[in-house]
Amino acid sequence: MQEWQLHLYQDQFDLLKAGTKTVEIWLRNSDIDKVQPMDIIHFVPAPEDGKHEVAAVVTDINTFDTFEQGLRHFPPTAVGSPAGTSVADMVQAMYKIYTPEQEAMKGVVFFTVNRIMSN
């Protein structure tokens with residue numbers, strides 16, 4: 001088991017802390033690809049204030065070539081979107097963070113997590 005630290009935008013951090021967001025999405029890279037089930041991720045809000053953190057255990061990992069492929073597998077609320085949000089709208093929201101070129105070069109990973117503590 002390893003421990004990792006990832007930064008989240010405040011709105012996504014709040015949803016994870018509340019327990020409604022259970023899937024975190026990242027571009028694949030050499031570090032992200034090292035995360036394994038049962039690893040612990042310490043999520044901190046961006047910008048980091050040193051006071052808040054949510055720790056979660058990784059329970060499942062799914063990799064996809066595109067955001068669209070992954071977003072079809074999870075309910076909107078699990079990935080931090082309002083209930084009823086279309087896959088197309090969720091993909092567009094991801095493109096506000098990552099470019100289609102980044103997605104095409106690296107692929108994406110969806111971590112299913114179970115929150116274990118917060119402060």
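Annotation: side chain to side chain donor-acceptor pair (under 3.5 Å) contacts of E24 (sequence neighbours excluded): K21, W26. Under the salt bridge (charged side-chain N to carboxylate O under 4.0 Å, His left out) criterion, D33 pairs with R28, not counting sequence neighbours. Evaluation of the side chain to side chain donor-acceptor pair (under 3.5 Å) rule for D11 yields no partner, not counting sequence neighbours. By the side chain to side chain donor-acceptor pair (under 3.5 Å) test, Y95 pairs with E103, sequence neighbours left out. K96 meets the salt bridge (charged side-chain N to carboxylate O under 4.0 Å, His left out) test with no other residue; sequence neighbours excluded. Remark: N29 pairs with no residue by the side chain to side chain donor-acceptor pair (under 3.5 Å) rule, at least two apart or across chains.
Residue Q69 comes nearest to H73 through the heavy atom pair O-ND1, 2.9 Å, listed as atom of the first residue, atom of the second, then distance. Closest heavy-atom contact between T85 and M90: CG2-CG, 3.5 Å. Annotation for F64 and F110: closest pair CD1-CD1, 3.6 Å, computed over non-hydrogen atoms. When every heavy atom of F74 is checked against every heavy atom of V23, the shortest pair comes out as CD2-CG2, 3.6 Å. Scanning all heavy atoms of the two residues, the minimum distance from Q36 to V58 falls at O-CB, 3.8 Å. The two residues H7 and P45 come nearest to each other via the heavy atoms CD2-O, 4.1 Å.
Between N62 and F111 there is no side-chain heavy-atom pair separated by less than 4.5 Å. Put simply, the side chain of H52 does not reach to within 4.5 Å of the side chain of V44, judged on heavy atoms.
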Worksheet entry | L6 and I32: CA distance, side-chain angles, deciding distance, side chain to side chain contact (heavy atoms under 4.5 Å, CB included) verdict | CA-CA 10 Å; L6 296 175; I32 290 293; 4.0 Å; yes
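Cluster membership check: V113 shares its hydrophobic cluster with V79, using side-chain heavy-atom separations under 4.5 Å among Ile, Leu, Val, Met, Phe, Trp and Tyr. Under the 4.5 Å side-chain heavy-atom criterion for Ile, Leu, Val, Met, Phe, Trp and Tyr, I116 and M1 are members of the same hydrophobic cluster.
Listed for the Q12 side chain is no donor-acceptor partner under 3.5 Å among the backbone atoms of Y9.
To the nearest 0.5 Å, the span separating CD1 on I41 from CG on L8 amounts to 9.0 Å.
A donor-acceptor contact under 3.5 angstrom links the side chains of H42 and E53, judged on distance only.
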